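Working notes, structure below.
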Protein chains: 2
Amino acid sequence: MAGTGRSPLQDDVETTVESILEEMRADGGRVTTGRRAIVRSLVAASDHHVTADDLAAQVQADHPDVHRSTVYRTLDSLEALGVLHRIPFGVGGAVYHLVDHAHHHLVCTRCGSVVEAPPGLFAPIAERVEAETGFSLDRAHVMVSGVCAACRCTPV
Amino acid sequence: MAGTGRSPLQDDVETTVESILEEMRADGGRVTTGRRAIVRSLVAASDHHVTADDLAAQVQADHPDVHRSTVYRTLDSLEALGVLHRIPFGVGGAVYHLVDHAHHHLVCTRCGSVVEAPPGLFAPIAERVEAETGFSLDRAHVMVSGVCAACRCTPV
DNA sequence: ATAATTGCAAAGTCTTTGCAGTTTG
DNA sequence: CAAACTGCAAAGACTTTGCAATTAT
């Protein structure tokens with residue numbers, strides 16, 4: 001299982017964390033313990049989606065005194081900075097993820113779970129939609145609703 | 001403008017309203033003034049999306065004593081009956097519409113407005129998604145997020 | 001008559017905000 | 001030091017729920 005040392009992977013994580021914090025500083029922001037912990041959680045979760053609640057729980061495991069409102073405010077700052085994407089839809093709250101890898105979201109209408117879809121899936125459609133409706137799909141973060149495999153087999 | 005008589009179109013509306021109410025009765029439910037008003041608003045709005053708040057406002061214009069909780073409970077019943085579709089995503093609440101015409105939803109991440117997309121737009125993709133992820137897009141009610149034409153031109 | 005529905009009020013989520021004290025740069 | 005950030009507590013938006021009274025069938 002996980003050792004006490006630091007793996008190359010963890011170094012990568014730290015590098016990413018520091019570069020994001022540096023962006024905050026460059027923007028006139030301050031780096032605090034809470035913010036560092038939040039960014040760290042966000043980077044660690046970069047392959048899936050987290051809610052503000054998930055983050056609060058993770059952060060508070062190490063730093064019990066980091067308040068929920070700090071999580072929300074930090075999330076806002078990161079979004080304003082352009083490094084975080086907020087998906088304000090979702091059963092029971094928004095989900096967030098870093099803007100580092102493009103993909104699409106399949107959200108289950110029944111259980112709220114979010115599945116990632118292969119990027120480029122919607123490329124052929126994006127053009128048509130824009131031409132016909134003036135609506136431009138965010139190519140990096142399209143979100144589509146439906147019913148996931150598990151719920152599909154469950155009677156309502 | 002609108003006269004005091006009843007147009008053929010309004011007759012259609014009433015017919016639809018009554019058939020839905022009849023379904024409720026068939027299901028063991030009761031038809032009340034509030035429920036009739038709610039269903040009527042829903043039918044009148046069948047070409048766009050409404051929030052529980054929209055409905056409450058419309059209904060209360062004629063029947064000030066119909067409570068919000070009644071709106072929510074009626075909406076729940078209609079959904080359980082399968083005649084109403086609830087889209088639990090949206091900035092500031094869920095939107096609803098009757099299950100009578102298939103279409104897709106383009107939801108703006110910035111202003112929350114919902115634009116309808118031509119049906120069949122996602123047909124070519126639905127298969128691929130299902131094959132690759134096990135996630136089945138609800139063909140009648142796919143919802144996609146992005147930025148609408150208006151917001152696109154507005155600086156953040 | 002009786003089972004369903006209602007209004008009310010209270011509570012539950014998720015999120016935001018004003019404020020005074022603390023910390024960062 | 002000054003500006004930024006924090007915890008706290010309160011409030012706001014949306015929705016659900018328990019209850020006793022009312023109403024549809």
Side-chain angles (χ1 to χ4, degrees), chain A residues 18 20-39 49-60 62-81 84 86-96 107 109 111-112 114, chain B residues 18 20-39 49-57 59-60 62-81 84 86-96 107 109-112 114:
Chain A
E18 291 308 321
I20 291 176
L21 293 176
E22 199 45 54
E23 277 200 64
M24 297 190 88
R25 259 188 288 251
D27 190 54
R30 312 269 160 96
V31 173
T32 62
T33 309
R35 289 186 160 197
R36 175 170 277 111
I38 293 166
V39 170
H49 305 88
V50 283
T51 61
D53 208 62
D54 294 335
L55 287 169
Q58 284 172 38
V59 169
Q60 287 171 355
D62 285 323
H63 310 271
D65 42 336
V66 172
H67 200 273
R68 269 197 144 55
S69 60
T70 297
V71 173
Y72 281 108
R73 282 188 278 226
T74 301
L75 256 15
D76 282 352
S77 302
L78 290 170
E79 202 194 354
L81 214 54
L84 183 70
R86 173 194 180 152
I87 304 151
F89 315 108
V91 178
V95 298
Y96 301 81
V107 183
T109 324
C111 68
V114 181
Chain B
E18 290 308 321
I20 291 175
L21 293 176
E22 199 45 54
E23 275 200 66
M24 298 191 89
R25 259 188 286 249
D27 191 53
R30 312 269 159 96
V31 172
T32 62
T33 308
R35 290 186 159 197
R36 175 171 277 112
I38 292 166
V39 170
H49 306 87
V50 283
T51 62
D53 208 62
D54 294 336
L55 287 169
V59 168
Q60 286 170 355
D62 285 323
H63 309 273
D65 41 337
V66 172
H67 200 273
R68 269 196 142 56
S69 60
T70 298
V71 173
Y72 281 108
R73 283 189 277 226
T74 301
L75 255 16
D76 282 352
S77 302
L78 290 169
E79 202 192 355
L81 214 55
L84 183 70
R86 172 193 181 153
I87 303 151
F89 315 108
V91 177
V95 299
Y96 300 81
V107 183
T109 324
R110 286 205 206 154
C111 67
V114 181

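So you know, we letter chains A, B, ... as the sequences are listed, proteins then strands, and number each from 1. Quick caveat: nothing in here was measured; it's all calculated off a predicted structure.
Taking CD1 of B:Ile38 as the start and CD1 of B:Ile20 as the end, the distance is 12.5 Å to the nearest 0.5 Å.
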(message) Would A:Leu75 and A:Arg86 count as a side chain to side chain contact (heavy atoms under 4.5 Å, CB included) here? Give the steps.
(response) CA-CA 9 Å; A:Leu75 256 15; A:Arg86 173 194 180 152; over 6 Å; no

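Residues of residues 22-35 of chain A that place a heavy atom closer than 4.0 Å to DNA chain C, in numerical order, are A:Arg25, A:Arg30, A:Val31.
Straight-line distance from the CG atom of B:Leu75 to the P atom of D:dT16: 9 Å, rounded to whole Å. Atom CG in A:Leu21 sits roughly 13 Å away from atom C1' in C:dT24 (whole-Å rounding). Between B:Arg73 atom CZ and D:dC14 atom C1' there is a gap of 15 Å when expressed in whole angstrom units. Protein atom CD of B:Glu79 is 12 Å distant from nucleotide atom P of D:dT15, rounded to whole Å. When the C1' atom of C:dT24 is taken as reference, atom CZ of A:Arg36 falls 12 Å away, rounded to whole Å. A straight line from CG of B:Asp65 to P of D:dA21 spans 19 Å, rounded to a whole angstrom. In this structure, B:Asp76 places its CG atom 12 Å from P of C:dT6, rounding to the nearest Å. Going from atom NE2 of A:His67 over to atom P of C:dT22 covers 17 Å, rounded to whole Å.
At the phosphate of D:dT15, OP1 or OP2 sits under 4.0 Å from a side-chain N or O atom of B:Tyr72.
Of the candidates D:dT16, C:dG7, D:dA9, the closest approach to any side-chain atom of B:Val66 belongs to C:dG7. In the set C:dT15, C:dT6, D:dT17, the nucleotide with an atom closest to the side chain of B:Ser69 is D:dT17.
Residue B:Tyr96 comes nearest to B:Ala52 through the heavy atom pair CE1-N, 4.1 Å, listed as atom of the first residue, atom of the second, then distance. Shown here for B:Asp54 and B:Val50, the closest heavy-atom pair between the two residues is OD2-CA, 3.5 Å. Closest of all the heavy-atom pairs between B:Arg35 and B:Gly29 is NH1-CA, 4.5 Å. Taking all atoms of both residues into account, the shortest heavy-atom contact from B:Glu79 to B:Leu84 is CG-O, 3.5 Å.
A:Arg25 places no side-chain N or O within donor-acceptor distance of the main-chain N or O of A:Val31, the cut-off being under 3.5 Å.
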